[in-house]
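Here's the structure we're looking at; comments come further down.
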4 protein chains.
Amino acid sequence: MVNTQTKPAPTRRNRQYEKRLSAILKAAAKTIAREGYEGASVRRVAARAKIGLSGIYYYFHNKEELLFALQEHTFSTLVETLQERLASAETPEEKLRAVIDNHFEYFVNNLDELKVCVHEIESLSGHYYKQVLKIRQGYFALVKKVIREVRGRRTGIDPNLAALFLFGSLNWVYMWYDPRKNTEMKKLSKQLRRIYFNGMTAP
Amino acid sequence: MVNTQTKPAPTRRNRQYEKRLSAILKAAAKTIAREGYEGASVRRVAARAKIGLSGIYYYFHNKEELLFALQEHTFSTLVETLQERLASAETPEEKLRAVIDNHFEYFVNNLDELKVCVHEIESLSGHYYKQVLKIRQGYFALVKKVIREVRGRRTGIDPNLAALFLFGSLNWVYMWYDPRKNTEMKKLSKQLRRIYFNGMTAP
Amino acid sequence: MVNTQTKPAPTRRNRQYEKRLSAILKAAAKTIAREGYEGASVRRVAARAKIGLSGIYYYFHNKEELLFALQEHTFSTLVETLQERLASAETPEEKLRAVIDNHFEYFVNNLDELKVCVHEIESLSGHYYKQVLKIRQGYFALVKKVIREVRGRRTGIDPNLAALFLFGSLNWVYMWYDPRKNTEMKKLSKQLRRIYFNGMTAP
Amino acid sequence: MVNTQTKPAPTRRNRQYEKRLSAILKAAAKTIAREGYEGASVRRVAARAKIGLSGIYYYFHNKEELLFALQEHTFSTLVETLQERLASAETPEEKLRAVIDNHFEYFVNNLDELKVCVHEIESLSGHYYKQVLKIRQGYFALVKKVIREVRGRRTGIDPNLAALFLFGSLNWVYMWYDPRKNTEMKKLSKQLRRIYFNGMTAP
DNA sequence: TATGAATGAGACTTCATTCAT
DNA sequence: TATGAATGAAGTCTCATTCAT
């Protein structure tokens, strides 16, 4: 089953298993991104993953666990890569850039996954929700810390609110970004950095 | 049916009709806000509106029309009130404030409705979607124009992107705003204005 | 819905409703008697009742409620008619006869229902189970009291055990009684009375 | 496979096989006793037997065969031990006691198995059913013969009916016997004997 | 104007079973 | 001897919608 703590050596069987599993996750991301979590049917996810309907239930206990796996993985990755970037950033400005670039870069390479993470946060419930919440809170804390450094002593800026507004800008992107138009991510990033950096450092 | 162009004099019967209709809309907003459009069942909407299930279908042709009515009304109102506010604003700064205050004020008084508008945009399809899209585009155009005025000659700012980022910040609010904590809207507005105004006017 | 406390006057509509409802119950009894509770599918119950599958769910919230309604009604009737019979019985012997005849008579007229009640007692759970349990306990108490009268002062007989054994004999009938062979109920009753009456009154 | 006629010498391998097999049967008895035959899933039987799901299918062709093995073994044992007991009983009374004690003793040591045998008789079908039926008929014949001896010349007692009533009392025990309360089997046996012996021998 | 009764489609999930390994 | 992976069939239930009244 998914989420086993022990990772055995990748035998041929294991590799087959992992392949199927990630095929299912990819299919789930695509389907849920297009139809919404409630709107997406497990059957259609299975069809896209080229597996029998009941095959899904060999890998996941239920539909919600599919969404959970998606969110858990995406947010964890987001946090990890951000931490790496932040480690090699020095000035507050560089750190803000790390935050923004990290988010955009992941986004542009994982459109479906990020959409599902942003748009279906409340579709999880109970234990699943709480577990993802924790990771998201970690992510939020990282960003808030960066913002605190950016604003320095300017007490007119509330880091909490500023972080929430920034997340709004970042998360909303999936609603208008069109990959076919191939808008340069660099430009997006630069614009957003400019607004928020200047916005938070002006006297 | 909904959206009749001709508005007859408000007889007692008409008033009864309108009352029921808005009760249904309120119930729909609450239900869809909590359960999502796909997750919300017409049955539960009817129950909340204290009406028989099939009673709904006297007022609306189908479930999608419910969502449409909600979005149509909210976005139209948003545009209307913004126009009024803008008419009495003079400087670019005042206009930016009009945009932000208008959004926040409506939001705080219509939490469910705005959430439904923001979160369920893509749940409409076909004709319904297009009609709402038009209104939203009008709204967007108004805001973009304000932003253009704010940035003035600073060509480093792309009004389109800036508007999209601003909308992100505004729309994301429903995800974290907690009416029970009674956060002051004034503070929210002030913070957001500060970031975006400074962010777009810094050299 | 089923089990409404208020009983409105039987309009034509009501009569139609009642008819359907008892058709469903009859179909459920037949189906569950033949296939067992778990083995019986709601679909097949519906087919026998000549109603659409989902039609069942207009009358009952779920499958378990079907079984509950069956058991609730049967056991209640059993208790009621037994009470009537006991009221007009005088000697202990007559009372024992009332118990046995009451059970057999109901049984022979409602083979399916009684089988379902006896064989599927543990198929109910939670609230449903408890509610039926209460009625059954009432039934048991009635019988025990009769047995106490029968045994008189013979302390060698434990009324509790005797009642349980008697119920065993009564309930087991559905396993071997063949209505096509038209065994006379009178004979059954007489035999059983003889064994238990003599068995409990011998010195 | 199960029920091989030839019994090879018990090598180590064979012993391992038998062990597993009886572990599965024990698990099946427990599971089916709790959840019913239809309600019990092979998966859960396997889990309880601490074996892989498909491992079951090495020992049994299908689910029904599991139930069959259980019933076949239990009823055969019941018949065997009864025959032994009867061989050393002399008076009719002693023989009746043999019948009752035999049943109760087996019952108290094999609660799950006997429940499954009594409650799931009709869950078998076709060939499986017939085979078990034969054994049960043998059991029934034994008991009927004893009863015939007990009643002697009292033609008012129909041995067939009396046997059926007695079986009812015996079989129903699983519905109310609570092993935790540790009711003395001796008392149960004595009570039942008293009722049936006196019941059938009174003038 | 409103509802009670009904339905077909489709949702999620579990089932017994198989087969290559 | 045993299992991991997979499947088709079937299960219960909810859904949006209709229509006679």
Side-chain angles (χ1 to χ4, degrees), chain A residues 1 11-14 16-17 19-21 38-46 50-66, chain B residues 13-14 16-17 20-21 24 38-46 49-66, chain C residues 1 11-14 16-17 19-21 38-46 50-66, chain D residues 13-14 16-17 20-21 24 38-46 49-66:
Chain A
M1 282 291 131
T11 65
R12 197 173 326 127
R13 261 198 144 140
N14 260 316
Q16 171 72 7
Y17 179 94
K19 233 186 204 168
R20 286 273 197 174
L21 193 141
E38 291 269 5
S41 88
V42 177
R43 197 170 230 111
R44 283 192 300 274
V45 171
K50 277 167 192 160
I51 200 180
L53 161 60
S54 42
I56 298 274
Y57 289 87
Y58 185 75
Y59 292 86
F60 296 91
H61 288 89
N62 48 47
K63 190 185 174 187
E64 202 172 2
E65 208 176 67
L66 261 176
Chain B
R13 271 194 126 146
N14 261 313
Q16 171 72 8
Y17 179 95
R20 287 271 197 175
L21 192 140
I24 292 175
E38 291 270 3
S41 88
V42 178
R43 227 180 197 96
R44 280 190 302 274
V45 171
K50 278 168 191 158
I51 199 179
L53 161 61
S54 29
I56 298 271
Y57 288 86
Y58 180 77
Y59 294 88
F60 297 91
H61 286 94
N62 49 45
K63 191 185 173 187
E64 202 172 2
E65 208 176 67
L66 261 176
Chain C
M1 281 294 127
T11 65
R12 197 173 326 127
R13 262 199 139 138
N14 259 316
Q16 170 72 10
Y17 178 94
K19 233 186 203 167
R20 286 273 198 174
L21 193 139
E38 291 270 4
S41 89
V42 178
R43 198 168 231 114
R44 281 189 303 270
V45 171
K50 276 169 192 159
I51 199 180
L53 159 62
S54 43
I56 298 274
Y57 290 88
Y58 184 76
Y59 292 86
F60 297 91
H61 289 90
N62 47 47
K63 190 185 175 186
E64 202 172 2
E65 210 176 66
L66 262 175
Chain D
R13 269 194 130 147
N14 261 315
Q16 170 72 6
Y17 178 94
R20 289 271 197 178
L21 192 140
I24 292 176
E38 290 271 2
S41 87
V42 178
R43 227 183 197 91
R44 281 191 300 274
V45 171
K50 278 170 190 157
I51 199 180
L53 161 60
S54 28
I56 299 272
Y57 288 87
Y58 181 76
Y59 293 87
F60 296 91
H61 286 95
N62 49 45
K63 191 184 172 187
E64 203 172 1
E65 210 176 65
L66 260 175

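Every chain is numbered from 1, with letters handed out A, B, ... down the list of sequences.
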Taking the minimum atom-to-atom distance to the side chain of [X], which one of [options] wins?
X	options	result
A:Tyr59	F:dA6, E:dA2, E:dA6	F:dA6
A:Tyr58	F:dT17, F:dA5, F:dA6	F:dA5
D:Val42	E:dA6, E:dA16, F:dT12	E:dA16
B:Tyr17	E:dT1, F:dA5, F:dT7	E:dT1

Rounded to the nearest Å, what distance is computed from the [atom1] atom of residue [X] to the [atom2] atom of nucleotide [N]?
X	N	atom1	atom2	result
B:Glu64	F:dT17	CD	P	9 Å
A:Leu21	F:dA5	CG	C1'	13 Å
C:Ile51	E:dA5	CD1	C1'	9 Å
B:Glu38	E:dA11	CD	C1'	11 Å
C:Lys19	E:dA6	NZ	P	12 Å
D:Ile24	F:dT1	CD1	C1'	11 Å
D:Leu66	E:dT17	CG	P	10 Å
A:Phe60	F:dA6	CZ	P	12 Å

>> Both B:Asn62 and D:Gln16 contact DNA chain F. Which one's nearest nucleotide lies toward the 5' end?
In response: D:Gln16
>> My understanding is that only residues two or more places apart in sequence, or in another chain, count here; which of them pass side chain to side chain contact (heavy atoms under 4.5 Å, CB included) with C:Ser41?
In response: C:Arg43, C:Arg44
>> According to side chain to side chain contact (heavy atoms under 4.5 Å, CB included), who are the partners of A:Glu64, at least two apart in sequence or on a separate chain?
In response: A:Tyr37, A:Asn62, A:Leu124, A:Ser125, A:Tyr128
Indicate the atoms forming the closest heavy-atom contact of [X] with [Y], along with that distance.
X	Y	result
A:Lys63	A:Glu38	NZ-O, 3.6 Å
D:Ala46	D:Gly52	CB-O, 3.9 Å
A:Glu65	A:His61	OE1-N, 2.9 Å

> Where does DNA chain F form stems of at least three consecutive Watson-Crick or G-U wobble pairs, each pair having both distances below 3.5 Å?
Replying inline: E:2-21 with F:2-21
> Is there a side chain to side chain contact (heavy atoms under 4.5 Å, CB included) between B:Tyr59 and B:Ile51 once you walk through the steps?
Replying inline: CA-CA 11 Å; B:Tyr59 294 88; B:Ile51 199 179; 4.2 Å; yes
>> Go through it in stages, so that I can follow the logic: the residues are D:Phe60 and D:Ile24, the test is side chain to side chain contact (heavy atoms under 4.5 Å, CB included), and I'd like the CA-CA distance, side-chain angles, deciding distance and then a yes or no.
In response: CA-CA 10 Å; D:Phe60 296 91; D:Ile24 292 176; 3.8 Å; yes
Shorter than 3.5 Å, N or O on both sides, protein versus nucleotides 8-10 of chain E: list them out with atom names.
from	atom 1	to	atom 2	distance (Å)
E:dG8	N7	C:Ser54	OG	3.0
E:dG8	O6	C:Ser54	OG	2.8

>> Does E:dT3 have its OP1 or OP2 closer than 4.0 Å to a side-chain nitrogen or oxygen of B:Tyr57?
In response: no
> How far does OH of B:Tyr58 sit from CG of B:Leu21, to the nearest 0.5 angstrom?
Replying inline: 11.0 Å
> What residues, two or more places apart in sequence or in another chain, satisfy salt bridge (Lys or Arg N to Asp or Glu O under 4.0 Å) together with D:Arg20?
Replying inline: none
> For DNA chain E, whose closest nucleotide is more 5', that of B:Arg20 or that of D:Ala40?
Replying inline: B:Arg20
